[in-house]
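The next block holds one structure in the form of structure tokens; read it before the comments.
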Amino acid sequence: MNPDDLSYTEVAALINEIKEFLNHPVFNTPTTGKYKREDVLTDKVNGIIYKLSIYRGNIESKYSMHIRFTSNNEHLVRLCIHGSKHHNDDRTIVSGSHIHIYKNHDGQYIEAYAYSLEKTPFNEADDLAESMEKFFQFVHVKGV
């Protein structure tokens, strides 16, 4: 698979493929205050290395987490809780919490495409630790 030009089917397959931490981290997520974490994940079946990033600033209810391809720094999946309103290229608007999933249109990667959380396991009322657990399940991260 070419991370620069993935079809919808390939994206779904990559999301569903098991990803493992290169180092087996211990997560001690504080309930308040800033939090920043970066780790490396590997998909041994496809030979893809990802960067996992989790960030929360001063506002406990606003945070994001994503996995990116290390080869091109593009998102496969990014979850934004209490994020800004997004205007997609097709003129749809997604307000507040949303999820970005890699999208390719006419051979061009569209990072800014956002989807509502309606048909996902995510809930904007979840705290960071709950969302991390759901995110790891959603993108099939093992070894946590």
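These numbers come from the heavy atoms of this one structure, side chains and all, not from hydrogens, waters or symmetry mates. All figures in this text were calculated on a predicted structure; none of them were measured in a lab. FYI, the numbering just counts along the sequence from 1.
- With S97 contributing its side chain and H82 its backbone, the two residues share a donor-acceptor pair below 3.5 Å.
- For the pair R68/S53, no side-chain contact is recorded, criterion being any heavy-atom separation below 4.5 Å from C-beta on.
- V141 and F138 fall within the same hydrophobic cluster, where Ile, Leu, Val, Met, Phe, Trp and Tyr residues are linked whenever their side-chain heavy atoms come under 4.5 Å apart, directly or through other members.
- Hydrophobic clustering keeps Y55 apart from Y63 (ILVMFWY residues linked when any side-chain heavy atoms are closer than 4.5 Å, directly or through intermediates).
- Across all non-hydrogen atoms, the minimal contact from S131 to D126 is OG-CB, 3.6 Å.
- Put simply, the side chain of K19 gets close to the backbone of V139: a donor and an acceptor are under 3.5 Å apart.
- Note: T42 OG1 to I18 CD1 = 12.0 Å, rounded to the nearest 0.5 Å.
- A donor-acceptor distance shorter than 3.5 angstrom exists from the side chain of K134 to the backbone of P121, with no hydrogens or angles considered.
- No more than 12 heavy-atom neighbours from other residues, nucleotides or ligands sit within 6.0 angstrom of CD1 on I59.
- Within the model, atoms CE of M132 and CE of M65 stand 6.5 Å from one another, a figure rounded to the nearest 0.5 Å.
- Interatomic distance, S84 OG to H98 NE2, rounded to the nearest 0.5 Å: 7.5 Å.
- Side chain of E60 to main chain of G33: a donor-acceptor pair is present (N/O by atom type, distance under 3.5 Å, no hydrogens or angles).
- The distance from atom NZ of K119 to atom CD1 of I99, rounded to the nearest 0.5 Å, is 14.0 Å.
- Within a 6.0 Å sphere centred on CG of N23, other residues, nucleotides and ligands contribute 12 heavy atoms or fewer.
- More than 12 heavy atoms of other residues, nucleotides or ligands sit less than 6.0 Å from atom CD of E10.
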Go through the steps to decide whether Y50 and F69 satisfy the test ring-ring contact (aromatic ring centres under 6.0 Å, His included), and finish with yes or no.
CA-CA 5 Å; Y50 298 96; F69 299 100; 5.4 Å; yes

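- K142 and F21 get closest at one heavy-atom pair: O-CD1, 3.8 Å.
- Clustering of Ile, Leu, Val, Met, Phe, Trp and Tyr side chains at separations under 4.5 Å places L22 together with V40, I49.
- In terms of heavy-atom proximity, Y102 sits nearest to L6 at OH-N, 3.1 Å.
- Placement of V94 and F135 in two distinct hydrophobic clusters is found when ILVMFWY residues are connected by side-chain heavy-atom separations under 4.5 Å, directly or transitively.
- Nearest heavy atoms, L79 versus I81: CD1-CD1, 3.9 Å.
- Remark: the backbone N or O of D127 is paired with a side-chain donor or acceptor of E130 at under 3.5 angstrom.
- At least one side-chain heavy atom of N58 sits under 4.5 Å from a side-chain heavy atom of K34.
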Working note: I67 + L41, criterion side-chain contact (heavy atoms from CB on, under 4.5 Å); need CA distance, chi angles, decisive distance, verdict.
CA-CA 8 Å; I67 58 172; L41 303 171; 3.6 Å; yes

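- For the pair I48/L14, a side-chain contact is recorded, criterion being any heavy-atom separation below 4.5 Å from C-beta on.
- In this structure, the side chain of D90 engages the main chain of T92 through a donor-acceptor pair within 3.5 Å.
- In this structure, NZ in K51 is found 5.5 Å from CG in N73, a value given to the nearest 0.5 Å.
- To the nearest 0.5 Å, the span separating CD1 on I101 from CD1 on I15 amounts to 4.5 Å.
- Ring orientation note: the planes of H75 and H66 are nearly perpendicular, at an angle over 60° on the 30°/60° scale.
- The two atoms that bring H140 and E17 nearest to each other are CB-O, 3.5 Å, heavy atoms only.
- For CD of E118, the number of neighbouring non-hydrogen atoms (other residues, nucleotides, ligands) closer than 6.0 Å is 12 at most.
- Taking every heavy atom of both residues into account, Y35 and N28 meet most closely at CE1-O, 4.2 Å.
- At least one donor-acceptor pair closer than 3.5 Å links the side chain of D43 to the backbone N or O of V45.
- Here the side chain of R56 pairs no donor or acceptor atom with the backbone of S61 at under 3.5 angstrom.
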